[in-house]
Engineer: 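If you scroll down you'll find the structure; I have some questions about it.
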Amino acid sequence: MRLTKFHLATVKETPADADVVSQQLMLRAGMIRKIAAGIYTWTPLGLRVLRKVEAIVREEMDRAGALELLMPSIQPRELWEETGRWAKFGGQLLKIRDRKDAEFCYGPTHEEVITDFARNELRSYKQLPVNFYQIQTKFRDEIRPRFGVMRAREFLMKDAYSFHVDTACMQREYRNMYEAYTRIFTRLGLKFRAVAADPGAIGGTGSHEFHVLADSGEDAIAFTSEGDYAANVELAEAAAPAAPRAAPSEALEQVATPTQKTCEEVAALLGLALERTVKSFAVIGEQGFTLVLVRGDHMVNEIKLAKVAGLGEYRLASEAEIAEHLGAPPGFIGPLKPAKKITVVADRTVAAMSDFVVGANAAGFHTRGVNWGRDLPEPDLVADVRNVVEGEPAPGGMGTWSIARGIEVGHVFQLGQKYAQSMGAQVLDENGKARTMYMGCYGIGVSRIVAAAIEQNHDASGILWPEAIAPFHIAVLPLGMDRSERVREAAEKLYGELTAAGLDVLLDDRKGVRPGAMFADQELIGIPHRVVVSERGLEAGQVEYRSRRASANEMKPCAGFAAWAAAEVRTHLSP
RNA sequence: CGGGGUAUAGCGCAGUCUGGUAGCGCGCCAGCCUUGGGCGCUGGAAGUCGGGGGUUCGAAUCCCUCUGCCCCGACCA
C-alpha cells in the first residue's frame, strides 16, 4: 500500500475522554472513530487489523471442523419469548419495532436463533455432532459503555454452537474448541490463560474463559501456586479458615466514630488492624433484609453471593431499607441488635473471628470486642462470599492463590439441554426415539481482541503489533524521495520486492513529510518492521532496518533484503 | 436508575462569574524555506457557540426546558 493512496488518520493529541491506553492509541492511530457511546466506525487501518484477527479465528474454526453460517442481527421477539429471555435479559437487550409494530431485538447473542435453526434442520442423530459458527456484529446496550471497543455496545463476535445426542459427545467438542481457542490465541501472538469460570447469564454447566493477560484488565484471575489451576476470582474458592474461632477476650464496647465510615478509617482511628474489622453489606433476598458480613480487608463477591440459598436474585438494599431495618445510615451499620428481624450471612472468615469491630447501628458509632454467641446469635448462614486475596491458601492442597489481571476475550460453555429443552430441539436416535439435543456454545470477542492486543503490547511511542495482526508487516520509509531519484528508485524497488515476497508493505510516499513525522506515524500505528532508504545508506549499498521492538538500526545490504525481511516476518507469524 | 460534570472551527481548549465586533493551539489550504525524530516564516479557509423557548435595545454569556456525551454510585471503591 502506498501511503498517498491510503487514509492515514493519525493525531498528535490524546483524546480527552479516552481512559485506557488501547482506546487512546486506537483513536490516535486513527483505527476507530466514535459515533455514539460505545459505537465506533472502523477506519481502513483499524479494519485491516480486525480482519486479520477474524481470518485467524475463521481458519482455526474451520480447521476444528466447525461450519460457518451467518444469522440475522435482527431477531423476532417470539423466539426470545420461548426461552423466557425477552424479559430476563434485561436492559442490555435493544428492542426495536418495525412499521407494523412487530417487536424485534438487535441480537446480543444467538442461542435462540441457532436453536430454532437446529430444530428445523436437524432431524436425525446421523447429522450430529455438528458445530455452526458465525462472525457477526452484536449489540448489547451496556449500562456504561467504556474503554473504547473493549466494552462497546456494538462489537464483533465469533459465536459457535454445537449440537450433540449426549453429554459425552458435547464434552468431546468442548475439549476440541478449548484446543482450537488455544491455537487461535497462540497464533494471534498474545499472552493468554484459560481459566475456570462462572457460566453467568448464558447458563449451563462447565465453562472456561480465555483471558489476555494485561495489568489494565477488567477481570481478576486467580492462580494456584501448586498444580495448574486458574479461575476467575468470581469463582476462586477461599479455603475455610484452618484455625478454630478464638475465645472472646474483650468486653463489648461502643466507640465514637463520628466521621469514620469505612473499615479503613475505623481501624485507623482505633489503632487496630484492618483484619479485626467486619464490613456489612445490605441486600434484599428471598428472606427479606439480609446483612452480608466480610472481613474489613476483604471484598464481597457478588457472583458467589448469588449462589447462597435465598439470595439467587438478590438486590442491594436502599438507604431507606437500611434505616428501617437497622436504624442507622450506611457507614455505621452492623449485625448487632437490628431494629427489625434480619438474616445474617457471614463469610467463613468472619464466622471464625472473635473480638471484632462492626458498625453499632447508631450514626457516628461502631462497636468493638464483638463475639459470636456472646453478643449476637451465630450467623444464620456461613458461606464463601468473598474474593480470594493474593497469597492466601487455596483449597485442596493447591498451595496459595495469586492474582493477575486479564481481559476476557473468549468463553467456552457446556450449555447442556437448557435451550434445546425450552425450544424443543430434538432429533431421532438409533431407536427412532426423540431426544433433546445437548449444546455447547463458544464465543470470541473479535473486536475486543484488537484492544486487548494493544493493552498488552504498547510503549510510549505507540502500538507494538504482533506480526500476525499488524495492519502492515513492514514500512518502507524513503528519506528525501522528492529530491533524490536514486532514493525513489531504490524505495520503489524494495517496495515491489517486499510485496512480491508476500508481505503487507506500507510505502510512505508522502511528499515533503519530514523523517520525524514518518517515524512517529510508523511507531504510533505499530508496524512491526521498518526499513529506511536514504542517500547515506545507498552510498554503501545498504538500507537501515529496525524492528519496532528494538531501539537501534541495523544496516543491511539492499540486495537480498526483501528475502531476509520476509523470512524474519514469517518466524513471528508461525510461533 | 440516581448524583455530578460538560457541550464554542475537524481535534484539544479559553471566553460565560461581571451581557456589547467569537479567540488560542493542533490540524487543513496556498506560497517560501527546510529536509535523519511530529521544522520555520507568511497568508488563508473554516463556527446558526448542542436543540427549543424566554428575559433584554442587545445573549456563547442570564432564566426555563430538552438532548447528547463523560465521570461517579451502598463500609462491594
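By convention in this document, chain letters (A, B, ...) are assigned in the order of the sequence lines, proteins followed by strands, and residues within each chain are numbered from 1.
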Engineer: Is there a side-chain polar atom (N or O) of A:K34 under 4.0 Å from OP1 or OP2 of B:C70?
Structural biologist: yes
Engineer: Among residues 506-523 of chain A, which residues get a heavy atom nearer than 4.0 Å to RNA chain B?
Structural biologist: A:R514, A:P515, A:G516, A:A517, A:F519, A:A520, A:D521, A:E523
Engineer: Is B:G25 paired to anything, Watson-Crick or G-U wobble with both distances less than 3.5 Å, and if yes, which nucleotide?
Structural biologist: B:C11
Engineer: Tell me whether the centres of the aromatic rings in A:F89 and A:W80 are closer together than 6.0 Å.
Structural biologist: yes
Engineer: With sequence neighbours left out, what residues match A:S22 under side chain to side chain donor-acceptor pair (under 3.5 Å)?
Structural biologist: A:E455
Engineer: List the residues meeting ring pair (Phe, Tyr, Trp, His ring centres under 6.0 Å) with A:F155, not counting sequence neighbours, and say none if there are none.
Structural biologist: none
Engineer: Please work out which residues in residues 538-549 of chain A have a non-hydrogen atom less than 4.0 Å from an atom of RNA chain B and list them by number.
Structural biologist: A:E544, A:R546
Engineer: Output all residues satisfying ring pair (Phe, Tyr, Trp, His ring centres under 6.0 Å) with A:W86, sequence neighbours left out; order by chain, then residue number.
Structural biologist: none
Engineer: Does the structure show a Watson-Crick or G-U wobble partner for B:C69, both distances under 3.5 Å? Name it, or say none.
Structural biologist: B:G5
Engineer: Is it the case that B:C75 (base atoms only) and A:H298 (side chain only) share a donor and an acceptor within less than 3.5 Å, ignoring hydrogens and angles?
Structural biologist: no
Engineer: Checking base pairs now: Watson-Crick or wobble, both atom distances under 3.5 Å. What partners B:C32?
Structural biologist: B:G40
Engineer: Which part of the nucleic acid, if any, lies within reach of A:R28 when heavy atoms closer than 4.0 Å are counted: base, sugar-phosphate only, or nothing?
Structural biologist: base
Engineer: Between A:A37 and A:E535, which has a closest nucleotide on RNA chain B that is more 5'?
Structural biologist: A:E535
Engineer: Can you measure A:M481 atom CE to B:G36 atom P for me and round it to whole angstrom units?
Structural biologist: 17 Å
Engineer: Any base atoms under 4.0 Å from A:T277, or only sugar-phosphate, or nothing? Heavy atoms, all strands.
Structural biologist: nothing
Engineer: Categorize A:L305 for me: base, sugar-phosphate, or nothing, with a 4.0 angstrom heavy-atom threshold over every strand shown.
Structural biologist: nothing
Engineer: Could I get a table of every N or O pair under 3.5 Å where one atom is in the protein and the other is in nucleotides 10-12 of chain B?
Structural biologist:
none

Engineer: Do we get A:R530 above A:F519's six-membered ring, with its NZ or CZ under 6.0 Å from the centre and within 45° of the axis?
Structural biologist: yes
